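If you're wondering where the values come from, they're calculated on a predicted model, not measured in any experiment. Letters A, B, ... mirror the listed sequences (proteins, then strands); counts begin at 1.
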2 protein chains.
Amino acid sequence: MKKTIFLYGLALALLVLIMRMIEYRFLVRDLTLEFYVGTVAVFFTALGIWVGLRLTRKQVVVINSEFHFNEKEQSQRGISKRELEVLALMAQGLANQEIADKLFVSLNTVKTHSSNLFTKLEVSRRTQAIQKAKELSLIP
Amino acid sequence: MKKTIFLYGLALALLVLIMRMIEYRFLVRDLTLEFYVGTVAVFFTALGIWVGLRLTRKQVVVINSEFHFNEKEQSQRGISKRELEVLALMAQGLANQEIADKLFVSLNTVKTHSSNLFTKLEVSRRTQAIQKAKELSLIP
DNA sequence: TTCACACTCATACTTTCGGGTGAATTGAGT
DNA sequence: ACTCAATTCACCCGAAAGTATGAGTGTGAA
């Protein structure tokens, strides 16, 4: 946002310069007032559109891809960090053994985590866990 | 989009009117050229921002809510309707037995469908199938 | 220090999944 | 009538997933 304001100010400064140049030509070459104003109008319309896009781009990003982790659900259900890691990998379609390899723990450990996770999420299968976790914003 | 163009044209017409009025005042009350140009600049900046917002708003809506079923993928991979039904229920976190009950078929049938589905989706686990199906827009 | 808790792992057992094979039925198109 | 794809179901087997229980370790708080 600060960048936007800065760039906007810069554009304004630039405009003053251009204005002076046009004004000079206006006096010398006798261009019409309409042409002068038209140029300014086009320039500022473009500038405005650019600013408008800048302003909304962030919103677009926010709505589409940004993920807000739901800490309340995590603490209320007493879900630990390790369990969340298992959950995330689970959501990527990995098998328990693959998760175990990625986390450098044994298969049994992953089973324990996932089992506790299911209890805390009140589900009984990994597919349901993934669904519920998404609903609760525990994973993107 | 047509509306936007129309409104833009209307705004331009309005601008011409305003320009004439300002020009009149300019001649009569002896306003400076800078003030004149500044007004036009502000006006068009606002207009540009407005247009910019208009242009992006639609994108946001489209990206967020609409789901377009991908018929090409379905036919190219030779996925049948029944298999899609199984897939949909699978994505809801249901077990094979539960899917069998919902579709009034035997567990073995569901197994056959899901097995064929995995082959067609080039995956080996149901969690991966759900993921891939979403990527391919076969399910929302 | 003691206590709680997260993390780790193991063993044993049950259930669910997934692969492979084969087969009967049906409906649509040739 | 014949073919072909879709759908249905069965049986077997091994792998993966999930449940239950117990237990060792480390960390941070009381």
Any pair counted as side chain to side chain donor-acceptor pair (under 3.5 Å), so long as it reaches residues 109-119 of chain B, sequence neighbours left out: S106(B)-T109(B)

Counting only side-chain nitrogens and oxygens, does R125(B) get under 4.0 Å of the OP1 or OP2 atom of dA16(D)? no

To the nearest Å, give me how far apart CD (Q97(A)) and P (dA15(D)) are. 13 Å

Which pairs, with at least one residue in residues 77-94 of chain A and sequence neighbours excluded, count as a side chain to side chain donor-acceptor pair (under 3.5 Å)? E73(A)-R77(A), R77(A)-E122(A), S80(A)-E83(A), R82(A)-E85(A), E83(A)-K120(A)

How close do A133(A) and L87(A) get, heavy atom to heavy atom, and via which atoms? CB-CD2, 3.6 Å

Send over the distance from L87(A) CG to dG18(D) P, rounded to a whole Å. 12 Å

For nucleotides 10-14 of chain D, which of its nitrogen or oxygen atoms have a protein nitrogen or oxygen under 3.5 Å away, and what is each distance?
residue, atom, partner, partner atom, Å
dA10(D), OP2, N108(B), ND2, 3.3

Could you tell me how far apart K120(A) (NZ) and dT19(D) (P) are, to the nearest whole angstrom? 14 Å

To the nearest angstrom, the CD-C1' distance between E83(B) and dA6(D) comes to 9 Å

dist N70(B):CG -> Q76(B):CD (nearest 0.5 Å) comes out at 8.0 Å

Do R126(B) and F118(B) have side chains that approach each other closer than 4.5 Å (heavy atoms only, starting at C-beta)? yes

How long is the straight-line distance from CD1 of I99(B) back to CG of L103(B), given to the nearest 0.5 Å? 7.5 Å

Rounded to the nearest 0.5 Å, how far apart are CD1 of I139(B) and CG of L84(B)? 9.5 Å

If you take all heavy atoms of Q131(A) and A91(B), which pair is closest and at what distance? OE1-O, 2.9 Å

Can you identify which nucleotide, out of dA17(D), dT8(D), dT19(D), has its nearest atom closest to the N96(A) side chain? dA17(D)

So V110(B) and L89(B), do their side chains get closer than 4.5 Å, heavy atoms only? no

Pick the nucleotide of DNA chain D nearest each of L103(B) and V123(A); which residue has the one closer to the 5' end? L103(B)

Nucleotide N/O of nucleotides 27-30 of chain D paired with protein N/O under 3.5 Å:
none

Rounded to the nearest Å, what distance is computed from the NE2 atom of residue H113(B) to the P atom of nucleotide dA5(D)? 16 Å

Please report how far the helix from dT1(C)-dA30(D) to dT30(C)-dA1(D) bends, comparing the axis fitted to its first five pairs with the axis fitted to its last five, to the nearest 10 degrees. 40°

Considering only heavy atoms of chain B and a distance under 4.0 Å, specify the first and last nucleotide of DNA chain C in 5' to 3' order that meet this criterion. dC17(C) to dG19(C)

Does a donor on one side chain and an acceptor on the other come within less than 3.5 Å for Q97(A) and D101(A)? yes

Can you tell me the distance, in whole Å, between the CG atom of N116(A) and the P atom of dT19(D)? 10 Å

Between C1' on dT8(D) and CG on D101(B), what's the gap in Å once rounded to a whole number? 16 Å

Compare all side-chain heavy atoms of T127(A) with those of M90(B) and state whether any distance is below 4.5 angstrom. no

Determine whether I130(B) and I130(A) make a side-chain contact, defined as any pair of heavy atoms from C-beta on separated by less than 4.5 Å. no

Over all atoms of both residues, closest heavy-atom pair of P140(A) and K134(A): O-CE, 3.6 Å

Can you name the closest pair of heavy atoms from H68(B) and S137(B) and give their distance? O-CB, 3.6 Å

